[in-house]
Amino acid sequence: TMDQASQLFQTGIEKVIFNAAAHEDPDLVRQAAGVYGSQSILVSMDVQKNWLGKYQVYTRNGKVGTKKDPETFAREMEALGVGELVLNSIDRDGTYAGYDLKLIRMVSAAVNIPVIACGGAGKVADLHAAIDQGGASAVAAGSMFVFHGKHRAVLINMPSPDELAREFYHKIQASG
């Protein structure tokens with residue numbers, strides 16, 4: 001709600017992410033962007049392939065299909081004033097199999113706002129691929145940094161600065 005967003009912004013939060021509310025009450029997103037600015041309003045898109053293999057946007061933890069394809073929904077959100085999209089692949093989330101690059105390319109090409117890829121990262125190279133090959137503006141990862149080993153033990157772990165530099169900076173210099 002606008003009251004909830006207002007409370008968050010009053011505490012110093014800089015960005016608010018809408019998911020189900022963006023589908024159920026798109027005017028809320030427009031209103032929030034109008035009051036707080038597009039840079040502060042994000043929409044999270046949970047996308048999964050349906051039984052026909054077509055991408056569809058879902059809400060409510062992947063339980064409610066919206067019957068909207070991700071490109072259309074992304075353009076609608078951009079038109080409402082959303083400043084960034086968080087694009088989560090339900091199919092890849094927690095799999096460590098890498099991001100769905102096709103999905104990221106599709107959504108990134110459909111809009112002129114930043115797309116943050118989420119769902120599937122298993123190694124640092126996956127982070128780079130989502131940006132370099134997928135066209136994401138940024139990446140998010142969870143399981144890759146928390147669960148480790150064959151028993152998926154909880155261990156907060158971050159790539160070393162050297163590992164990140166090897167993956168990002170050297171490849172950027174080589175391609176540039």
Check your understanding: Would a hydrophobic clustering, with Ile, Leu, Val, Met, Phe, Trp and Tyr connected at side-chain separations under 4.5 Å, put Ile90 with Tyr96?
Key ->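 No: no chain of side-chain contacts under 4.5 Å links Ile90 to Tyr96.
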Check your understanding: So if you build clusters from Ile, Leu, Val, Met, Phe, Trp, Tyr with side-chain heavy-atom gaps below 4.5 Å, do Leu42 and Val35 land together?
Key -> no
Tell me, do [X] and [Y] make a side-chain contact under 4.5 Å, heavy atoms counted?
{"X": "Thr59", "Y": "Asn19", "answer": "yes"}
{"X": "Val64", "Y": "Tyr58", "answer": "no"}
{"X": "Glu84", "Y": "Ile113", "answer": "no"}
{"X": "Met45", "Y": "Asn88", "answer": "no"}
{"X": "Lys15", "Y": "Ile41", "answer": "no"}
{"X": "Pro70", "Y": "Leu103", "answer": "yes"}
{"X": "Ile116", "Y": "Leu85", "answer": "no"}
{"X": "Leu28", "Y": "Met2", "answer": "yes"}

Review point. Will you find, in the side chains of Asn50 and Tyr55, an N or O donor that is under 3.5 Å from an N or O acceptor?
Key: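 Not at all, the side chains of Asn50 and Tyr55 share no donor-acceptor pair under 3.5 Å.
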Point to revise | Distance-only donor-acceptor check, side chains Ser6 and Asp3, under 3.5 Å | key: no
Nearest non-hydrogen partners of [X] and [Y], listed with the distance:
{"X": "Ala121", "Y": "Ala141", "value": "CB-CB, 3.8 Å"}
{"X": "Glu14", "Y": "Ser40", "value": "O-OG, 3.1 Å"}
{"X": "Ile17", "Y": "Val86", "value": "CD1-CG2, 4.3 Å"}
{"X": "Ile104", "Y": "Ala117", "value": "CD1-CB, 3.5 Å"}
{"X": "Gly83", "Y": "Pro114", "value": "O-CD, 3.2 Å"}
{"X": "Tyr99", "Y": "Leu127", "value": "OH-CD2, 3.2 Å"}

Counting only N and O atoms by type, is there a donor-acceptor contact under 3.5 Å from the side chain of [X] to the main-chain atoms of [Y]?
{"X": "Gln56", "Y": "Val47", "answer": "no"}
{"X": "Gln4", "Y": "Thr1", "answer": "yes"}
{"X": "Asp100", "Y": "Asp91", "answer": "no"}
{"X": "Asp126", "Y": "Gly122", "answer": "yes"}
{"X": "Ser44", "Y": "Phe18", "answer": "no"}
{"X": "Arg60", "Y": "Ala20", "answer": "no"}
{"X": "Ser143", "Y": "Gly94", "answer": "no"}

Exercise for review: Hey, could you give me the CD/OG1 distance between Glu24 and Thr66, rounded to the nearest 0.5 Å?
Suggested key: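 Atom-to-atom, Glu24:CD and Thr66:OG1 are 10.5 Å apart.
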Exercise for review: Could you grab the distance from atom CG of Leu8 to atom OH of Tyr36, nearest 0.5 Å is fine?
Suggested key: 9.0 Å
Check your understanding: Is it true that Arg30 and Glu76 make a salt bridge, defined as a side-chain N closer than 4.0 Å to a carboxylate O?
Key ->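 No, this pair does not count.
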Check your understanding: In this structure, are over 12 heavy atoms from other groups packed under 6.0 Å from Asp27 atom CG?
Key -> yes
**Study point:** Evaluation steps, side-chain contact (heavy atoms from CB on, under 4.5 Å), between His128 and Asp132
**Key:** CA-CA 6 Å; His128 184 260; Asp132 187 53; 3.6 Å; yes
Exercise for review: Report yes if the distance between the aromatic ring centroids of Phe73 and His23 is under 6.0 Å, otherwise no.
Suggested key: yes
